[in-house]
Asker: 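One structure, pasted below without further comment.
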Amino acid sequence: MTLKHCHRTNRSELNELLPEAIVILPIGATEQHGPHLATGTDWMLAEAVTHQAAILIHDRAQRPLVLAPTLPYGASDHHLPFGGTLSLTPETLLAVLRDLTRSLAASGGRRLLLVNGHGGNIGVCHAAAAAASSRYDVNVAHLDYWRLARDTGDTPLPGHAGAFETALMLAQDEGLVAERHPRPDPPSSPAIDDVQLHTAESWRRIDGYTDHPERADADTGRAWFDQLATALGDRILELAEAL
């Protein structure tokens with residue numbers, strides 16, 4: 001089937017495609033990623049994985065695929081103390097996602113997939129999908145791309161600027177990864193079964209990034225990226241049948 005980039009397509013083509021298409025919106029963040037990774041890591045990885053997945057499967061999809069421009073900002077207030085961060089409040093991000101879905105519905109679109117690349121967006125994406133689907137009669141699906149990863153051993157997923165994201169960025173563009181130095185195991189945060197605990201102090205203790213980015217390498221990143229793109233493509237094919 002057809003694969004189009006929304007911003008490269010005219011209104012006549014979009015008006016024809018949108019009623020049957022799945023619109024795919026990658027979303028990430030622009031935020032500090034330790035002393036070694038580019039601040040655009042989250043949105044660049046979400047975009048790269050999404051685009052590669054669409055390329056892999058569009059000719060087998062039962063619906064047209066329309067790639068929306070990546071949303072490069074997310075809910076990142078917890079990274080503001082470190083600098084290098086452009087954040088939306090959760091309330092603003094929720095409103096943005098609702099408004100984009102409203103705009104899609106006004107243009108005839110009926111199916112939207114949010115591909116999220118930032119942990120701070122998870123709850124907002126879930127809330128936006130539920131609210132927008134009931135308000136605007138649009139089927140909205142949401143997934144966090146890193147949850148599709150397999151065979152990562154002891155590497156924390158997704159971490160934050162740790163070995164996982166660093167390896168993926170090395171595979172994309174080594175020029176966006178600065179020198180990394182060995183570090184001791186970062187202090188662990190208190191853990192309570194079945195409870196998610198958020199504290200500003202936990203980020204300060206680990207200097208704003210997790211685990212061991214110095215252990216990342218480009219070959220591992222390429223293997224993970226290919227696996228993620230394939231798995232995401234499979235999910236898009238399933239959505240094309242289900243929606």
Side-chain angles (χ1 to χ4, degrees), residues 1-30 40 42-75 88 90-118 121-148 225 228-243:
M1 290 291 283
T2 303
L3 172 61
K4 291 285 187 179
H5 290 78
C6 182
H7 61 291
R8 298 179 182 172
T9 308
N10 62 51
R11 71 182 188 188
S12 298
E13 291 179 276
L14 288 172
N15 287 339
E16 182 178 345
L17 287 172
L18 286 178
E20 294 300 322
I22 296 178
V23 176
I24 306 174
L25 171 61
I27 174 175
T30 299
D42 286 349
W43 74 257
M44 287 189 284
L45 291 178
E47 178 177 87
V49 170
T50 299
H51 285 202
Q52 182 61 23
I55 289 169
L56 288 174
I57 57 87
H58 73 274
D59 57 346
R60 292 180 283 142
Q62 295 187 9
R63 295 185 179 278
L65 305 180
V66 176
L67 294 175
T70 302
L71 186 60
Y73 306 112
L88 302 176
E91 297 86 352
T92 298
L93 180 58
L94 178 61
V96 168
L97 293 176
R98 283 202 316 258
D99 279 354
L100 291 175
T101 310
R102 175 177 57 84
S103 301
L104 175 63
S107 298
R110 291 292 174 264
R111 300 161 191 86
L112 175 64
L113 169 62
L114 304 175
V115 179
N116 177 40
H118 168 51
N121 295 340
I122 295 173
V124 180
C125 286
H126 178 83
S133 62
S134 60
R135 291 187 187 190
Y136 309 123
D137 194 26
V138 175
N139 297 328
V140 185
H142 152 235
L143 62 81
D144 310 309
Y145 82 82
W146 64 85
R147 299 187 192 277
L148 303 175
F225 180 84
L228 287 164
T230 298
L232 178 56
D234 290 342
R235 301 305 187 278
I236 294 171
L237 288 174
E238 292 178 39
L239 283 169
E241 294 182 7
L243 295 181

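Below, all heavy atoms of this structure are taken into account, side chains as well, without hydrogens, waters or symmetry copies.
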Asker: Supply the atom-to-atom distance L45 CG to W146 CH2, rounded to the nearest 0.5 angstrom.
Answerer: 11.0 Å
Asker: Is the shortest side-chain heavy-atom distance between V115 and L232 below 4.5 Å?
Answerer: yes
Asker: From L114 CG over to I122 CD1, what is the distance, rounded to the nearest 0.5 angstrom?
Answerer: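 Reported value, rounded in 0.5 Å steps: 13.0 Å.
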Asker: Counting only pairs under 3.5 Å, give me each side-chain donor-acceptor contact of residues 11-30, with atom names and distances, residues two or more places apart or in other chains.
Answerer:
{"from": "E13", "atom 1": "OE1", "to": "N10", "atom 2": "ND2", "distance (Å)": "3.2"}
{"from": "E13", "atom 1": "OE2", "to": "K4", "atom 2": "NZ", "distance (Å)": "3.1"}
{"from": "N15", "atom 1": "ND2", "to": "R11", "atom 2": "O", "distance (Å)": "3.2"}
{"from": "E20", "atom 1": "OE1", "to": "R63", "atom 2": "NH1", "distance (Å)": "2.8"}
{"from": "T30", "atom 1": "OG1", "to": "P72", "atom 2": "O", "distance (Å)": "2.7"}

Asker: Taking salt bridge (charged side-chain N to carboxylate O under 4.0 Å, His left out) as the cut-off, I'd like each qualifying pair that reaches into residues 229-243, sequence neighbours left out, listed once.
Answerer: none
Asker: Is any side-chain heavy atom of L65 closer than 4.5 Å to one of I57?
Answerer: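 In short, these two side chains touch, coming nearer than 4.5 Å.
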Asker: Distance check, rounded to the nearest 0.5 Å: Q62 atom CD versus L243 atom CG?
Answerer: 11.0 Å
Asker: Should W43 and L71 count as side-chain neighbours, where that means a heavy-atom distance under 4.5 Å?
Answerer: no
Asker: Quick one: pull up CD1 in I236 and NE2 in H58 and give me the separation to the nearest 0.5 Å.
Answerer: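 Answer rounded to 0.5 Å: 12.0 Å.
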Asker: My understanding is that only residues two or more places apart in sequence, or in another chain, count here; which of them pass ring-ring contact (aromatic ring centres under 6.0 Å, His included) with H51?
Answerer: H5
Asker: Cut-off 3.5 Å, no hydrogens considered: what does the side-chain donor-acceptor table look like for residues 91-98, sequence neighbours left out?
Answerer:
{"from": "E91", "atom 1": "OE1", "to": "T89", "atom 2": "OG1", "distance (Å)": "3.3"}
{"from": "T92", "atom 1": "OG1", "to": "T89", "atom 2": "OG1", "distance (Å)": "2.9"}

Asker: Suppose we screen for side chain to side chain contact (heavy atoms under 4.5 Å, CB included). Which residues come up paired with L56, at least two apart in sequence or across chains?
Answerer: Q52, A229, T230
Asker: Please report the interatomic distance CG(L88) to CG(N121), rounded to the nearest 0.5 Å.
Answerer: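 Answer for the CG-CG pair, L88 versus N121, is 8.5 Å.
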Asker: Side-chain polar contacts of residues 128-140 - donor-acceptor pairs under 3.5 angstrom, sequence neighbours left out - could you list them?
Answerer:
{"from": "S133", "atom 1": "OG", "to": "A129", "atom 2": "O", "distance (Å)": "3.0"}
{"from": "S133", "atom 1": "OG", "to": "A130", "atom 2": "O", "distance (Å)": "3.0"}
{"from": "S134", "atom 1": "OG", "to": "A130", "atom 2": "O", "distance (Å)": "3.3"}
{"from": "S134", "atom 1": "OG", "to": "A131", "atom 2": "O", "distance (Å)": "2.9"}

Asker: Which heavy-atom pair separates R110 from A105 by the least distance, and what is that distance?
Answerer: NH1-O, 3.4 Å
Asker: Taking everything shown except Y73 itself, do over 12 heavy atoms lie less than 6.0 Å from its OH?
Answerer: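 Not buried by this count: 12 neighbours or fewer within 6.0 Å.
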